[in-house]
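In what follows, a single structure is set out as C-alpha cells and then discussed.
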Amino acid sequence: MKYHFNDIEAKWRKYWEENQTFKAENESDKPKYYVLDMFPYPSGAGLHVGHPLGYIASDIYSRYKRHKGFNVLHPMGYDSFGLPAEQYAIQTGQHPAITTETNINRYREQLDRIGFSFDWSREVRTSNPDYYKWTQWIFTELFHSWYNKDTDKAEPIESLITRFTNEGNTTVNAVCDENIVPFTAEMWNAYDEEQQQKTLLQYRLTYLAETEVNWCPALGTVLANDEIVNGVSERGGHPVVRKKMKQWSMRITAYAQRLLDGLNQIDWPQPLKDSQTNWIGRSVGAAVSFKVLPLAPSQGGGTAGYLTGKHSKISMLLDKAQEMRKSPTKAEETLWQEIRNKKLGDKFRRQQPIDTFIVDFVCLEKMLIIEIDGEIHKNQKDVDESRQLLLEVKKGYKVIRFSNDEVLNKIENVLEKIKTELNNRPSFKDKSSSPLLGRGAGGEDSEGSEMKIDVFTTRPDTIFGVSFMTLAPEHELVEKITTPEQKEAVKAYIEQTAKRSERERMADVKTISGVFTGAYAEHPFSNEPIPIWIGDYVLASYGTGAVMAVPCGDERDYAFAKHYNIPIPNIFESTSTPPLEGLGEDFAFTEKEGFKIVNSDFLNGLGYKEANEKAIEELEKIGQGTGKINYRLRDAVFSRQRYWGEPFPVYYVNGIPKTIDHEHLPIQLPEVEKYLPTEDGQPPLGRADVWAWDAAQNTVVSNELIDNNTVFPLELNTMPGWAGSSWYLFRYMDAQNDDEFASQEALDYWQNVDLYIGGSEHATGHLLYSRFWTKFLYDLGFLKVDEPFKKLINQGMILGESAFVYRLNSSQFVNPILFSRNFLEKVISEKKSFAEYQEYKKIENSLFQENKNPRGVLITGTDSQTSWNNFTPLHSNVSFVNISNELDIEAFKKWLPEYKDAHFITEDDGTFKVGREVEKMSKSKYNVVNPDDICDQYGADTLRMYEMFLGPLEQAKPWNMAGITGVHSFLKKFWKLYCDDNGLVITDSPASKDSLKTLHKTIKKVEEDIENFSFNTSVSTFMIAVNELTAQKCSSREVLEPLAVLISPYAPHIAEELWSKLGHNESISTAPFPQFDACHLVESTKEYPISFNGKMRFTLEMPLDLSKEDIEKTVMAHEKTKQYLEGRTPKKVIVVPGKIVNIVG
RNA sequence: GCUCAAGUGGCGGAAUUGGUAGACGCGCUGGAUUCAAAAUCCAGUUCUUUCGGGAGUGUGGGUUCGAUUCCCACCUUGAGUACCA
C-alpha cells in the first residue's frame, strides 16, 4: 500500500467538513482556548506560500490543544473592506463587492487545501452588513461616551450632561478638546440645543474636528504620509497641499496611559511592545507659560509692535543688556535684591532697553526709571543729561538717579525715595491713561485678553538657559504677535512651509530655517525679554506647537541659535572628572547627569533631578507652570474619503452630527455610478442619489427629499480599514448574533484571545486600535477583559527568491542579448573581453549579421564593457526555473514575446542560469509560489511540515524548494512504518525497550517544542524518531499508535488515515495526547566527554552511579589521558557527574 | 540619529540552566540496485594538516576549570521610528 497523499487528503477534508469536526461549542465542560490568526485581506493575487505560515503554526497549536483536552476556538474570516478592491472598481467599474466575493472564494479554496482546522461556521467578513452593523454600533457608543479622568474610564455622555446641568464644566475632569470655554450650570442651561451639542462634541470619544491632512486636488482625496514622495503624490505625481478638513477623530489619547500600562500584563514580543511604547511616547516634564510682552506705542499698538527698545537696534541692545545683567555692579545688585519681585509693590525690570538706551531699572507700569551713577558717570554728565531729557520729554518716563555710595550705604533712604515716586505717579497700566505705553504688563490680543505662549518641556531645570522661543509656523499666535516690520518675512515663510508635507519637513533635518516675529516674551523668573521666532523644526501637532529654546542644552535649538546668531547662554558646569570642556558653549549638552546648574538664580548648584523639581515648584508658585506628562500619541483620524468602507451612521442637522439609533442599523453602503470623488471634491458617497436620512421614517431616502426638517443629509465619509478589524475577535465568539455584537454568555466564556499569530507590520495600527476599543468596551461593561490578545507571536515573512536574466545595455543590436549568470560573472571577474570565450564566439557571427550598425560590435573590445553596470537585470518568472537555477528559455520567450528573438548566451554546458536574489514575495517580482502547486506535487501534509521545517517561526526566511524533498520522503518513510505493499504491518506484540525510549524521547521533545512555538525543531525530532524506529524495525502498536497522535497536529491527513487503519472510527483530532513517562529514558551509563582545558578529546563510557572520586580515578588511569597529558601533572580535575570531566593542566 | 533584533559549514538551520559545536534536512562525493532513469538503500561531507594533530560559532577583549550561550567595546546586516521639545 503506497502513500497516495492526494487521495488521502481529499478524503479527510471531506470527512472533516461533513462531520463538522472542528466546530467549537460555546458551552463545554472543557477549559477554553482561543487561537486566532490575523485575518487576511482577500486580494486578487490569491495566497502565496508566505501567507499560510502563521496559519499552519496556529493550526498545529489548535490541534495540539484539542489533543490536550481543550475546547478550542479557531476561526477565520476576511478583512474585506479595503483599497485594492476600490482601486479595481475605479478602473473597471465593477462593484467592489463582486471582486471581493470572487477573491474570497479563491482564498477559501486555497485555505481548504491545506487542511486547517478552522471552525468555518463562525466566518466573518467586515464588509458584510451583518458585521458592519456592529462596527457602526460601536461608533455610536463611542459618540455617546466621554472620558472621565477622575474615574479613569469612559462613561456614557448622560453622566456628563448631568454634571453640566448641575455644576457647569469647571469641576469636570475630562479628556476633551483644548480651548474649552468654562461655563456654569446656569450658562449651560441657558445654551440652546445647538450650543449644547457643539459643547458636547468637544468631550465625545469620537468627535468632528478640523484636522490637517495631505490633500491632493488632482486625485480628489486625502493621502497618507507614505503615499507622498517629494511633495507630490506617489501615484501620478500630482501636487499635494496641507489642508484642514472636518473629519471624525477618535480620542485614543484618553487611553494613552492605560495602553502603556496594559503592555505589562500581556505576553507580546518585546520589540512589538517597544514600538507601541515609542508610538505612545510618554514624556515627563512641565508645562510653562510665557507672557507675550506688551507692544510699544511707537509701534502703533493693535496687532503688532514691541515694547520699549527701539526696534532697529533691539538685538544689539538685548545682547548688551543681557551681558550687563550677568555682571552687575555691587550697587546695582544690592538695589535689585531690594526691589525685585514686587517688593515695593510695583514690578521692576533691570537692564531694560528703552528706546536706544539700556536703563538700570525700570518700572514700566509707573514709567519710572532708576539709574545708578558709578564713577564713570561723572565724566559723561552731558551724555546722561541728554539721555534723561529724551526719556523724560519724548517718552514720558520719570528718571531718578542715585549714586553708588547712596545705594551701598543708605539703602533705606533710596528705597524710601523710590516708594514716594511710585506713589506719586499714576499707573499707566490702563490703556486710556497713557498714550505712550499702550499696554499693561502683558501683551494683549485684539479682544484685550492677555496673550501667552504655552510650551511643554522635559527639561524645566534648564529654564534659565532660554534665549528665544520658537513657534510652529501654523501656531495661532503667529499672526497676532508679528510686528509690521516682520510681517512680510513671516508671511513668506509660512507660505513656503505650507507647501512642504509634514513628512518632508520631518525628513529634512539639516536645513535650518525660521523667521523672527519681532515680538518678545517675558521670562517667568528673570523677566528678561525673549525674542519669539517661528521655525519649521517645531511641529504644530506635538505638544503645544511651541518650544522654549535652550540652545546650550538642545541640539536643534543650538543649531538654530548658531545659524541666526542668537545668544547661547550657558547654564551647565561639568562635574565629571576630568571636566567636560566646552559643554553648553561649544556644543549643546543634552546629558542628564555630570553637571550642575549655574547662572540660574535659585537653581544654581543643583543637579538634573533636584533642579527639575525645584523649577516646577517655583513655576507653580508664580502660577506660570506645572508638572505635566505629555504623549506623542495623537487622536486617530477616523474619516476616509473612500467608497469601500463602513458608512457612518450619522446625519447632519444644521451641521450638527446626530447618530442613528441602534435599532435602525446597519446603514448600508449606497449604490454609486462611479467610485471616484465628485467633481467638487466630495467623497464618492457624494455621488449617491439615495443618501439622506428620514428621521421620521427612520430610513435612508433619496437626496431630493432633503428638507432639513425631517430629512437630512448623511455623512459622506466612510470608516478606515482598522474599524472592522478592531473588534472582530469578539464577533467570532457569537458570529450569527443579530441582537448583540456577541452574547454576554459567549463573551464571558471565551473572554479574549489566548494566542494571536500575525505579522509585526500591525504594531502601531491594528494592534493599538483594537486594544483601545477593547478597553472602551470594557469601560462600558460589555467585556470582562480589557486586553484583546493575551499572547502574541509575530511570524516572520517568507521572502521570495527572484530570478534574474541579464540584458546587455546596447542599442547596437536589433535583438536583445541575454546572458547566463555564471558566464557573465566569470567574464566580469576575469575582466576579459567576451571575444575570448567560446560561448560568445559561437553566436558572434549571427550577432554581426543582424547588427544594423556596420561599425561593429563594441563588446568585443575592451574590459570596460565587462562591468555589471552594462547589464540590466530582468525579473524572470520563477516558475520557468528549475532547482538548479536553469531557465526554460522557450517558456521565457513565450511569456515575454518581446524577447522571442533574443539571443541567450549560455554557460559552457549549454544551460542558461539565472541569478537569484531574495526579495519580498510579490506578483510584480514574478517570484510568487502558489501553495496549490506544492499541494499537487507533494501534498498538504508535506507543505505544512516543510513550512515549519524552514526555520524559527518568528524569523524572516526565503522560500527555497530545495529541502522539500527531504520532508516529503520523511512522510513516505513514516508511512512505511505502518504499511508495506500488502497493507498494515502493525503488530500487537510489545515494543522493544529502544523503541519505547525513542517514543518517549519524542513525546517529551515535541510537547516542549509546541509549548515553546519551536515547530522547526519538532519536525527534526519526528525525522530522528522515524529514522530510529525504522532502524529498530519497530512495528508495535504500543509505539506507533501514540506516534500517529503526536504527528497529527503537523500532518493531520496522514495521521487520520493511519489512525483509521489502526481500527479507530472516530477522528484522531480529539484523541488524548500521549503521556510522557520518564522511566523509559533512564540510563545506567553515560558516554562522558573527557576534555583537556575545556577541549573535548575523547569519550569514555562509565556507570552513572559512579562517585566523583571513582570517575576521576577511572579517567586518570586511562591510557588516552596519559597520552594527552604528555607527562604533565594536572593542576585540577573538574568532575560534574552525569555531565563532563575536564582536566586542567 | 535613536530603538530593537540577528550574525554558527556550500545552503536552511540545531545545541533546553555555561558542559561533547554543526543535530535534522538539502546539496555535494563515492558505492549498491537498474538495460537506463526515477525511486530506494549504504558510506562520507566545518576548515586545515607533514594524518600525530591544529584551528573554529562576525571582530577584539574580559569573567570561568570550561563560553555559540554571560559581560564590555567594535563591525556588519535586517526591522521599526524619526526635528517628540
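Order of the sequence lines fixes the chain letters, A, B, ..., with proteins taken first and strands second; residue numbering starts at 1 for each chain.
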Is the base of B/A85 touched by the side chain of A/Arg459 through a donor-acceptor pair closer than 3.5 angstrom?
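No.
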Is the shortest side-chain heavy-atom distance between A/Leu603 and A/Ile571 below 4.5 Å?
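When only atoms from C-beta onward are counted, A/Ile571 and A/Leu603 do not touch, as no gap falls below 4.5 Å.
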Classify the ring geometry between A/His968 and A/Phe5 as parallel (under 30°), tilted (30 to 60°) or perpendicular (over 60°).
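A/His968 and A/Phe5: perpendicular rings.
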Where the side chain of A/Arg1097 is defined as all heavy atoms beyond and including C-beta, which of B/G54, B/U3, B/U81 is the nearest nucleotide?
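Selected nucleotide (nearest to the side chain): B/G54.
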Can you identify which nucleotide, out of B/C4, B/A85, B/A82, has its nearest atom closest to the A/Pro271 side chain?
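Looking only at side-chain atoms, A/Pro271 lies closest to B/C4.
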Between A/Gln270 and A/Ser969, who's closer to the 5' end of RNA chain B by nearest nucleotide?
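So the residue in question is A/Gln270.
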Find which nucleotide of RNA chain B each of A/Lys973 and A/Tyr542 is nearest to by heavy atoms, and output the residue with the more 5' nucleotide.
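Its nearest nucleotide lies further toward 5', so the answer is A/Lys973.
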Is A/Arg771 close enough and on-axis enough to A/Trp268, meaning under 6.0 Å and within 45°, for cation-pi?
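Here A/Arg771 passes the 6.0 Å and 45° test against A/Trp268.
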For a quick check of understanding: with a heavy-atom distance under 4.0 Å over all strands, which category does A/Thr470 fall into, base, sugar-phosphate or nothing?
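No contact at all - A/Thr470 keeps every heavy atom at 4.0 Å or more from the nucleic acid.
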Describe the nucleic acid contact of A/Asp557 in one word from base, sugar-phosphate, nothing, applying a heavy-atom distance below 4.0 Å.
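Contact class for A/Asp557: none.
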Would you check, one step at a time, whether the test ring pair (Phe, Tyr, Trp, His ring centres under 6.0 Å) holds for A/Tyr1050 with A/Phe1022?
CA-CA 10 Å; A/Tyr1050 291 82; A/Phe1022 286 126; 5.2 Å; yes
Identify whether the glycosidic angle of B/G27 places it syn (within 90° of 0) or anti.
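Anti, since the glycosidic angle lies more than 90° from 0.
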Counter-base of B/A23, judged by Watson-Crick or G-U geometry with both distances under 3.5 Å
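Its partner: none found.
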Could you work out the separation of B/G44 and B/U77 based on their P atoms and round it to a whole Å?
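Straight-line distance between the two P atoms is 40 Å.
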Take atom P in B/U49 and the same atom in B/G54, then report the distance between them in whole Å.
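Here B/U49 and B/G54 have their P atoms 16 Å from each other.
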With sugar-phosphate taken as primed atoms, P, OP1 and OP2 and all else as base, the protein-contact string of nucleotides 14-20 of chain B at under 4.0 Å (heavy atoms; B, S, -) is S-B--BB
